[in-house]
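Chain naming here is simple, since letters A, B, ... match the order of the sequence lines and numbering starts at 1 in each.
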There are 2 protein chains.
Amino acid sequence: MDLTIAEENYLKAIYHLSEGGKKSVSTNDIAGEIQTKPASVSDMLRRLSDKHVIQYKKYYGLQITESGKQLALQTIRKHRLWEVFLVDKLQFAWDEVHEVAEQLEHIQSSLLIQRLDAFLNYPKFDPHGDPIPDEYGDVRSRPRIPLNEMNIDQVGQIVAVKDSSAAFLRYLDKVGAYIGARIKVLDKVEFDGSVEILVDQKKTLFMSKDVASNILVLQS
Amino acid sequence: MDLTIAEENYLKAIYHLSEGGKKSVSTNDIAGEIQTKPASVSDMLRRLSDKHVIQYKKYYGLQITESGKQLALQTIRKHRLWEVFLVDKLQFAWDEVHEVAEQLEHIQSSLLIQRLDAFLNYPKFDPHGDPIPDEYGDVRSRPRIPLNEMNIDQVGQIVAVKDSSAAFLRYLDKVGAYIGARIKVLDKVEFDGSVEILVDQKKTLFMSKDVASNILVLQS
DNA sequence: AAATTAAATTAGATATATCTAAAAAAAATG
DNA sequence: CATTTTTTTTAGATATATCTAATTTAATTT
Ligand SMILES: [Mn+2]
Ligand SMILES: [Mn+2]
Ligand SMILES: [Mn+2]
Ligand SMILES: [Mn+2]
């Protein structure tokens with residue numbers, strides 16, 4: 001039994017909300033993530049439950065099932081592979097890919113995804129540093145921490161961003177913070193949590209705690 | 001006002017039927033093309049008319065409008081560009097692309113199509129020899145005739161196929177008839193319309209009138 | 001021209017997906 | 001623990017898209 005496009009989008013949102021360490025996912029959380037109304041979510045939860053991709057008892061919260069998790073991971077795999085395609089092959093900027101990938105992720109063809117994966121040389125991460133699940137749903141995630149949680153003098157490499165909004169990504173482009181950049185924490189301001197970092201041993205950069213918390217670093 | 005996926009599919013079918021038969025397109029014809037019921041077509045015709053992509057007076061037939069034609073051509077452009085992508089870049093066989101392109105043609109992003117076109121080196125024809133409309137909807141079609149209408153001793157080049165079904169395309173693969181092949185008509189059987197041709201000055205091939213009528217040739 | 005047949009449309013049903021407003025249940029508060 | 005607030009669900013409406021069965025209109029035949 002296949003999922004509709006709307007069902008795939010809901011399931012993906014539920015998976016993302018579940019991953020964030022959150023124990024139970026609320027109807028309002030889902031509504032916020034999908035940009036829809038709680039009433040629509042309640043309706044959809046019943047349908048997802050009927051298809052056994054979530055366990056759901058009304059008013060008691062929900063849990064994604066193993067089969068639901070696998071389906072969500074396949075949609076995420078497709079989304080991220082398409083993002084790599086758009087950036088690597090079609091010269092899209094990393095802040096331009098999301099909307100298009102949101103559509104492409106729903107194309108149904110296992111052959112297509114196999115071939116696309118090979119064509120892209122089996123990438124392990126998308127343009128935002130997020131890991132690409134393999135065809136069995138396995139994710140090789142790297143240990144990474146928000147930049148604002150690093151201490152002075154610690155060094156590492158920017159490997160991902162938490163926020164993939166165009167506004168944030170364009171800001172990073174402007175200041176010269178990119179995935180793969182080697183950084184060192186030069187200073188942290190106690191008062192507001194802002195940080196000063198050295199990028200590629202050349203350039204110093206000041207950023208607010210808000211910005212730093214959306215940059216994920218692999219420490220070394 | 002954008003079209004839905006269903007509306008795009010109907011409009012594309014109407015365009016194809018208008019191009020072929022020329023005269024008026026019937027509700028039953030559309031139902032046959034789209035694999036749906038006449039009742040559903042009547043319903044859709046009213047909606048397409050509301051969106052001014054066809055002119056429609058019930059029981060009196062329909063005509064595609066200029067804006068409808070442009071929209072259909074853009075969908076066809078996307079369909080054929082994706083087919084080229086699948087064959088040239090992802091090693092799909094020409095009989096494997098249709099279903100996937102049928103989905104990909106509905107992805108909405110003008111930047112995507114511009115970039116895809118460039119990435120593929122601005123192809124003029126799809127894997128089945130059909131011309132790819134440019135971004136303004138202009139189609140540069142070559143004069144071509146069905147193979148069964150050629151006379152003995154005439155020569156030419158296979159440039160397209162009328163039938164794009166997997167069964168037909170796999171048959172052509174098997175006998176070695178491909179787009180670009182140079183052919184010469186060696187013999188025609190009056191009785192059943194079957195023909196004997198020479199392919200690439202090497203191989204002789206017998207084919208029924210039915211097969212020959214689905215192979216389009218550019219005479220030389 | 002009347003009767004018959006074919007084509008097209010409408011009526012009414014079902015399924016998906018969404019919304020607003022109202023009701024019900026759970027959680028928070030004093 | 002009773003009351004208030006928040007969250008969640010349901011009721012009822014709208015829009016898309018499809019179907020079967022009935023009806024209407026057009027076309028064909030006698
Ligand atoms: Mn999506
Ligand atoms: Mn991404
Ligand atoms: Mn289609
Ligand atoms: Mn084609």
Side-chain angles (χ1 to χ4, degrees), chain A residues 1-14 17-18 20 22-64 68 71-72 75 102-103 105-108, chain B residues 1-14 17-18 20-21 23-64 68 71-72 75 102-103 105-108:
Chain A
M1 205 195 333
D2 270 353
L3 300 183
T4 66
I5 290 176
E7 287 166 348
E8 280 187 358
N9 284 333
Y10 273 93
L11 193 59
K12 197 161 59 105
I14 290 167
L17 290 168
S18 307
K22 281 247 183 175
K23 46 248 161 214
S24 74
V25 181
S26 79
T27 299
N28 277 344
D29 286 345
I30 298 169
E33 182 90 356
I34 302 259
Q35 310 253 69
T36 187
K37 294 291 177 294
S40 307
V41 176
S42 283
D43 223 58
M44 183 57 89
L45 292 182
R46 193 180 34 70
R47 286 201 294 267
L48 292 176
S49 186
D50 289 346
K51 293 195 174 182
H52 306 104
V53 293
I54 62 169
Q55 265 194 307
Y56 172 59
K57 229 177 141 180
K58 51 189 192 183
Y59 293 113
Y60 272 74
L62 64 103
Q63 212 183 332
I64 194 164
L71 288 171
T75 305
E102 205 57 45
Q103 298 177 62
E105 70 188 359
H106 304 292
I107 303 291
Q108 287 181 33
Chain B
M1 205 197 329
D2 268 352
L3 299 183
T4 66
I5 289 176
E7 287 166 349
E8 280 188 356
N9 284 333
Y10 273 93
L11 193 59
K12 197 162 58 105
I14 290 166
L17 290 168
S18 306
K23 53 218 173 276
S24 74
V25 181
S26 77
T27 300
N28 277 343
D29 286 345
I30 298 168
E33 182 90 356
I34 301 258
Q35 310 252 67
T36 186
K37 294 291 177 292
S40 306
V41 176
S42 283
D43 223 60
M44 183 57 90
L45 292 181
R46 193 182 31 72
R47 286 200 294 266
L48 291 176
S49 185
D50 289 346
K51 293 195 174 181
H52 306 104
V53 293
I54 62 170
Q55 265 194 309
Y56 171 60
K57 228 176 143 181
K58 50 189 191 182
Y59 294 110
Y60 272 75
L62 64 102
Q63 212 183 333
I64 194 165
L71 288 171
T75 305
E102 205 56 45
Q103 298 177 61
E105 72 188 0
H106 304 292
I107 302 292
Q108 288 181 32

Are there any protein N/O atoms within less than 3.5 Å of an N/O atom in nucleotides 4-6 of chain C, and if so, which ones and at what distance?
none

Does OP1 or OP2 of [N] have a side-chain N or O of [X] closer than 4.0 Å?
X	N	result
Y56(B)	dT9(C)	yes
Y10(A)	dT18(C)	yes
R47(A)	dA17(C)	yes

Check the distance between [N]'s [atom2] and [X]'s [atom1] and give it to me in whole angstrom.
X	N	atom1	atom2	value
D43(A)	dG12(D)	CG	C1'	12 Å
I5(B)	dA17(C)	CD1	C1'	14 Å
H106(B)	dA17(D)	NE2	P	11 Å
L48(B)	dT18(D)	CG	P	11 Å
I30(A)	dT7(D)	CD1	P	14 Å
E7(A)	dA15(C)	CD	P	14 Å
L45(A)	dT16(C)	CG	P	15 Å
R46(A)	dT18(C)	CZ	P	13 Å

Validation: residues 29-37 of chain B side-chain donor-acceptor distances under 3.5 Å, sequence neighbours left out:
unit_1, atom_1, unit_2, atom_2, d
D29(B), OD1, S26(B), OG, 3.3
D29(B), OD2, S26(B), OG, 3.2

> What do you reckon, is CD of E7(B) surrounded by more than 12 foreign heavy atoms closer than 6.0 Å?
Replying inline: yes

> Which ones in residues 33-41 of chain B lie close to DNA chain D, meaning a heavy atom under 4.0 Å from one of its atoms?
Replying inline: T36(B), K37(B), A39(B), S40(B)

>> Need one value for T4(B): base, sugar-phosphate or nothing, where a base atom within 4.0 Å counts as base even if backbone is also close, heavy atoms only.
In response: sugar-phosphate

>> Just to be sure I understand the rule, does T27(A) reach a base, reach only the sugar-phosphate, or reach nothing, if contact means heavy atoms closer than 4.0 Å?
In response: sugar-phosphate

With sequence neighbours left out, what residues match [X] under side chain to side chain contact (heavy atoms under 4.5 Å, CB included)?
X	result
E8(A)	L3(A), T75(A), H106(A)
A39(A)	none
Q108(B)	Q103(A), D2(B)

>> So, taking the atom named OG1 in T4(B) and the one named CG in N9(B), what distance separates them when rounded to the nearest 0.5 Å?
In response: 8.5 Å

> Side chain of S49(A), backbone of L45(A): donor and acceptor closer than 3.5 Å?
Replying inline: no

> Can you list the residues that meet the side-chain hydrogen bond (donor to acceptor under 3.5 Å, both in side chains) rule with N28(A), with sequence neighbours excluded?
Replying inline: none

Taking only distance into account, with no hydrogens and no angle test, what donor-acceptor pairs under 3.5 Å do side-chain atoms of residues 52-62 of chain A form with protein atoms, sequence neighbours excluded?
unit_1, atom_1, unit_2, atom_2, d
H52(A), ND1, D50(A), O, 3.4

> In the 5'-to-3' direction, what one-character label does each nucleotide of nucleotides 23-28 of chain D receive under the scheme B = base within less than 4.0 Å of a protein heavy atom, S = sugar-phosphate only, - = no such atom?
Replying inline: -BSS--

>> Over the length of the helix from dA1(C)-dT30(D) to dG30(C)-dC1(D), how much do the five-pair end axes diverge, rounded to 10 degrees?
In response: 10°

> Taking only residues two or more places apart in sequence, or in another chain, which ones meet K12(B) in a salt bridge (Lys or Arg N to Asp or Glu O under 4.0 Å)?
Replying inline: E102(B), E105(B)

> dT9(C), dT8(D), dA17(D): which one has an atom nearest the side-chain heavy atoms of S26(A)?
Replying inline: dT8(D)

>> So which atom in S18(A) and which in V25(A) form the shortest heavy-atom distance, rounded to 0.1 Å?
In response: OG-CG2, 3.6 Å

